[in-house]
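Here's the structure, in structure tokens; my notes come after.
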Amino acid sequence: MTDRAYQKCINPGCRAEFDCGEALFKCPACGELLDIRYNWDKIKVPGKLNEFAKRWGTRDNRLDFSGVWRFRELLSYCDDEHKVTIGEGQTILQQNDAVARYVDMGAGCLHLQYEGLNPSGSFKDNGMTAAFSHAKMVGATSSACASTGNTSASVALYAHSCGVKCTVFIGSGRIAFGKLSQAMDYGAQTIQILGDFDDCMRQVQAVCTKLGLYLLNSLNPFRLEGQKAIMYRIIEGLGWDVPDWIVVPGGNLGNSSAFGKAFSELKELGLIERIPRLAIINATGAETLNDLVNNKKLRWNEGNVEQAIIDDYYADLTARNFSPHTCASAIEISRPVNLKKCLRAIDVCDGVVRAVTDEEIVDAKAIIGKYGLGCEPASAATIAGLRHLRAEGLIGADQRVACVLTGHALKDPDVTVNYHKKKQGEFSNAPVEAPNDLDALIKLIR
Ligand SMILES: *Cc1c(COP(=O)(O)O)cnc(C)c1O
Ligand SMILES: [Zn+2]
């Protein structure tokens, strides 16, 4: 179908390769994750990143309008006729000095990459535009995903935009209301499983295999290709320069994996001179990555990841009947499917992992709401994590940091309303009760 790209197994003992015309979500030979690789000599990649800026002038072309496909030479696995876009990636990189003060950073240093501006209100749209384009390229007609919420909202939106059927699996009672409302409103068949996200993830893989449905979780390597564009837009927002640090919440670890791949490709292509460092933030109630990296010392090790450490860790979770719990439902995941790719990203970006409590998350969220554009709880883990890294001195006050705010403030109204109304934190801003009386009202105004 194309000689510009192919799929390749990340297992160094396997290295099997497959055509991009195949819809796979694991290596059929060994079961490991697949990567998209490019034959760069067959692609006309601009010599300098700022050449992509020319496309702002031709935004009547739907691909130039997209904040993903504007960078299409960097994800060149499908012909233009198959590309599905609904105008994703019109995001803002906001420099924010008030939030910088909260994390003890200098003026001008902190930038918030606000992915809540995407059509479905989260960064997932960057991945879906890429994956649905592949789905159209291989002629898929039905799709499915497991979801903590935002994947289902995004899948539903993209599926109906390009005439593909979709079924979304969500954990019963584990989904934020804004996201559930979207899945239903956008017409997805929504199945609530009595279980958590990890249960959904297992079931959806089995269902997709049995029925030949197109899988849209981040196991799908094409999704990660689209998510690379978040990094391109941060670089663009900094005048085509890289920051010192990228901070991102860690759930299924698709973003962190995609970001590492984006930077290593840009470096290989000579489009950037240095690779920023990556900080991945877990919630303490779902901190598999933090445990494995910081306590069990799990490393990428050129692809020879010590599987026994992972197996033992998961066996222990199973033995304890462990189910992850955090108010940041988007990262309430204990068996992250992209774990190994994320280890590679940590290796490439000299990355670090931290975990933050729900209390820290909701306080940080209130600060982002008050001084920024607002976000959902998982996104606020970045600011809570950055605060730790500043206190440790690992990140300097004058370094340039970009935090990825992954989802919109309206995604999870329950957490927000409870925080403020029930005065759960330092920055709660509860409504004031007042009689229906002018003098009393005037006295109340502050
Ligand atoms: C999906 C999601 C995450 C987790 O991202 P991963 O790529 O799975 O680590 C974080 N925040 C929000 C808002 C999400 O929707
Ligand atoms: Zn393999």
Side-chain angles (χ1 to χ4, degrees), residues 7-18 24-35 113-118 120-128 145-155 170 175-176 178-179 182 197-198 201 216-221 223-224 226-228 230 246-261 278 280-283 286 288-289 303 324 326-342 345 353 361 365 368 374-382 385 403-412 415:
Q7 309 187 63
K8 182 167 182 177
C9 175
I10 68 163
N11 174 0
C14 173
R15 296 181 198 275
E17 294 180 4
F18 307 91
L24 306 164
F25 46 87
K26 278 187 173 173
C27 172
C30 77
E32 255 313 329
L33 296 167
L34 294 169
D35 253 345
Q113 172 64 18
Y114 190 46
E115 290 292 319
L117 288 175
N118 276 291
S120 81
S122 84
F123 79 84
K124 297 291 196 302
D125 296 350
N126 293 281
M128 292 312 162
C145 70
S147 180
T148 62
N150 281 331
T151 301
S152 61
S154 185
V155 163
I170 55 185
I175 184 171
K179 307 176 187 181
Q182 286 179 292
F197 176 80
D198 298 300
M201 195 63 236
L216 286 153
N217 283 98
S218 52
L219 270 177
N220 181 324
R223 241 189 73 180
L224 302 195
Q227 289 169 216
K228 293 190 304 191
I230 302 168
I246 300 286
V247 188
V248 63
N252 239 342
L253 307 177
N255 261 343
S256 43
S257 300
F259 299 172
K261 187 169 188 284
L278 186 62
I280 305 164
I281 314 299
N282 276 165
T288 296
L289 183 71
T326 164
C327 70
S329 54
I331 52 174
E332 191 180 58
I333 293 172
S334 61
R335 290 172 176 78
V337 298
N338 288 299
L339 175 62
K340 289 186 184 170
K341 284 186 177 176
C342 175
V353 184
I361 288 174
K365 184 174 119 41
I368 297 163
C375 66
E376 65 167 281
S379 316
T382 55
C403 291
V404 183
L405 300 185
T406 45
H408 199 281
L410 294 175
K411 288 284 192 175
D412 196 339
V415 167

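Just follow the structure's listing: the first ligand is 1, and inside any ligand the first atom is 1.
Contacts with ligand 1 closer than 4.0 Å are made by side-chain heavy atoms of E376 only, the backbone lying farther away. Here N255 has heavy atoms under 4.0 Å from ligand 1 in both its backbone and its side chain. Under 4.0 angstrom from ligand 1, the non-hydrogen atoms of I331 all belong to its side chain.
Here the rule is side-chain contact (heavy atoms from CB on, under 4.5 Å) with L289, and of L253, I331, I333 only L253 fits it.
Residues L219 and L33 meet the side-chain proximity criterion, which asks for heavy atoms closer than 4.5 Å. A 4.5 Å side-chain heavy-atom check between D198 and P324 finds at least one atom pair inside the cut-off.
For G250, the heavy-atom gap to ligand 1 drops under 4.0 angstrom.
Residue contact check: N252 has heavy atoms under 4.0 Å from atoms 6 (P), 8 (O), 9 (O) of ligand 1. With ligand atoms numbered from 1 in the order given, ligand 1 contributes 11 (N) to contacts under 4.0 Å with heavy atoms of A378.
Under the 3.5 Å distance criterion, the side-chain polar atoms of T288 are left unmatched by any main-chain donor or acceptor of R335.
The Zn ion (ligand 2) lies at the vertex of an angle of 100° between the SG atom of C30 and the SG atom of C9 (rounded to 10°).
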Q | Trace of the side-chain hydrogen bond (donor to acceptor under 3.5 Å, both in side chains) decision for N338 with S257 | A | CA-CA 7 Å; N338 288 299; S257 300; 4.8 Å; no
